[in-house]
Amino acid sequence: MKRTIKTKLNERNNHLQIAFNSSLDDARRIIFSLPVSDRIILEAGTPLIKMYGISAVRMIKDWYTQRARSQGILDEPYIVADLKTMDRGETEVSMAHQYGASAVIALGSAPVETLDSFVDACESYGIDPMIDMMNVENPLAVLHKLKRVPPIVILHRGVDEERFNREKQIPLHDIRRIKGAYDVMISIAGGDTIREVQRSVFNDADIVVVWKSVFQNSSDTIDLVNGFLSQIK
């Protein structure tokens, strides 16, 4: 079997990934209301990074570190930089590492040369490569072409797909196909309800990404996140 890079995450646990896609003010407010858990992953989403620059990754990391230390927890948080890398894999990984990312995301539709460079650079810098298979018809075919397999593969229904194509489903059917071929963690993005979290975990997903629900009512954020965490024990 092709070698898979080892992830920094605890592979025995399911994780909830909270993506911040609006403003840094929203991100800071929500972070300081979140429970502290090693099953929470924070993501600097693509719109946030485009608006504020790569330094948004460091801000999110610093805020959650402060939140954790206020409760006596010294472990560093796990922060994802969603750069959606399509080219210059090594350069973009270097940027993410410089600003404290634990993981960085490339698109599975990128050239195989870029993905190989991306995975190699992540291993060199000691951060996790994630490959997002949004709009990739056959994720396994992409993985088969790579020199080394990333530890985390994202199966993703895009926001515009969900909005304009109600028939488009989250590709849960690919989870077991990929896990049958490779020793990887699967992240599911594109669902934002408790029911979709339950379905993803039932189908053997390791990470569930949410973003919309966290912003709907700030007073309910803690209950909402705790509700998600209770579904992914």
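Worth knowing before you read on, the calculation uses all heavy atoms, side chains too, and leaves out hydrogens, waters and symmetry mates.
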Check: Stepwise, does the side-chain contact (heavy atoms from CB on, under 4.5 Å) test hold for Val209 with Ile154?
Finding: CA-CA 9 Å; Val209 183; Ile154 305 168; 5.6 Å; no

Next item on the list: Show your working on side-chain contact (heavy atoms from CB on, under 4.5 Å) between Ile178 and Leu155 and close with a plain yes or no.
Entry: CA-CA 10 Å; Ile178 294 172; Leu155 300 177; 3.9 Å; yes

Check: Can Asp174 and Ile186 be said to form a side-chain contact (heavy atoms from CB on, under 4.5 Å), step by step?
Finding: CA-CA 9 Å; Asp174 279 323; Ile186 298 292; over 6 Å; no

Note to self: Apply side-chain contact (heavy atoms from CB on, under 4.5 Å) to residues Tyr78 and Ile40 and explain how you reach the verdict.
What the structure shows: CA-CA 8 Å; Tyr78 190 97; Ile40 289 180; over 6 Å; no

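Pro129 and Phe118 make their closest contact through CB-CE2, 3.5 Å (heavy atoms, listed as atom of the first residue, atom of the second, distance). Of all non-hydrogen atoms in Lys179 and Asp204, the two that sit nearest each other are NZ-O, 2.8 Å. For Ala181 against Leu140, the heavy-atom pair with the smallest separation is CB-CD2, 3.8 Å. Taking all atoms of both residues into account, the shortest heavy-atom contact from Arg58 to Gln98 is NH2-O, 3.4 Å. Taking every heavy atom of both residues into account, Ile79 and Lys61 meet most closely at CG1-CB, 3.7 Å. Here the closest heavy-atom approach between residue Thr46 and residue Asn21 is recorded as N-OD1, 3.8 Å.
The CG atom of Asp38 sits 9.5 Å away from the CG atom of Leu9 when rounded to the nearest 0.5 Å. Rounded to the nearest 0.5 angstrom, Glu43 CD and Asp82 CG are separated by 4.5 Å. In this structure, OH in Tyr64 is found 10.5 Å from CD1 in Ile41, a value given to the nearest 0.5 Å. Separation of atoms OG1 (Thr65) and CD (Glu76) is listed at 6.0 Å; rounding is to 0.5 Å. To the nearest 0.5 Å, atoms CD1 (Ile54) and OG (Ser94) are separated by 10.0 Å. Atom CD of Glu90 sits about 12.0 Å away from atom OG1 of Thr85, to the nearest 0.5 Å.
Looking at Arg67, its side chain does come within 3.5 Å of a backbone N or O of Leu34 through a donor-acceptor pair. Asn14 contributes a side-chain N or O that, together with a main-chain N or O of Ala205, makes up a donor-acceptor pair within less than 3.5 Å. Formation of a donor-acceptor pair under 3.5 Å by the Asp132 side chain with backbone atoms of Leu107 is not found in this model. Thr114 contributes no side-chain N or O that, together with a main-chain N or O of Gly89, makes up a donor-acceptor pair within less than 3.5 Å. The backbone N or O of Lys147 lies less than 3.5 Å from a partner atom in the side chain of Asp116, making a donor-acceptor pair.
No side-chain heavy atom of Ser187 sits under 4.5 Å from any side-chain heavy atom of Met130. Met185 is listed as a side-chain neighbour of Thr7, based on a closest heavy-atom distance under 4.5 Å. Residues Tyr182 and Val153 have side chains not in contact (no heavy-atom distance under 4.5 Å, counting atoms from C-beta outward). Proximity of Asn138 to Arg177: side-chain heavy atoms (C-beta onward) are separated by under 4.5 Å at one or more points. Annotation: side chain of Asp128 is not in contact with side chain of Cys122 (no heavy-atom distance under 4.5 Å). Between Ile18 and Ile31, the closest side-chain pair of non-hydrogen atoms is not below 4.5 Å. With a 4.5 Å cut-off on side-chain heavy atoms, Met59 and Trp63 count as touching.
The neighbour count for Glu137 CD, taken as heavy atoms of other residues, nucleotides or ligands under 6.0 Å away, does not exceed 12. Shown here is Lys8, whose NZ atom has more than 12 heavy atoms of other residues, nucleotides or ligands within 6.0 Å.
No chain of hydrophobic side-chain contacts below 4.5 Å, direct or via other Ile, Leu, Val, Met, Phe, Trp or Tyr residues, connects Phe20 to Met95. No chain of hydrophobic side-chain contacts below 4.5 Å, direct or via other Ile, Leu, Val, Met, Phe, Trp or Tyr residues, connects Leu146 to Met86.
The side chain to side chain contact (heavy atoms under 4.5 Å, CB included) with Val184 is formed by just one residue from the set Val149, Ile152, Leu143; it is Val149.
For the pair Arg29 and Asp26, the salt-bridge criterion is met [side-chain N within less than 4.0 Å of a carboxylate O].
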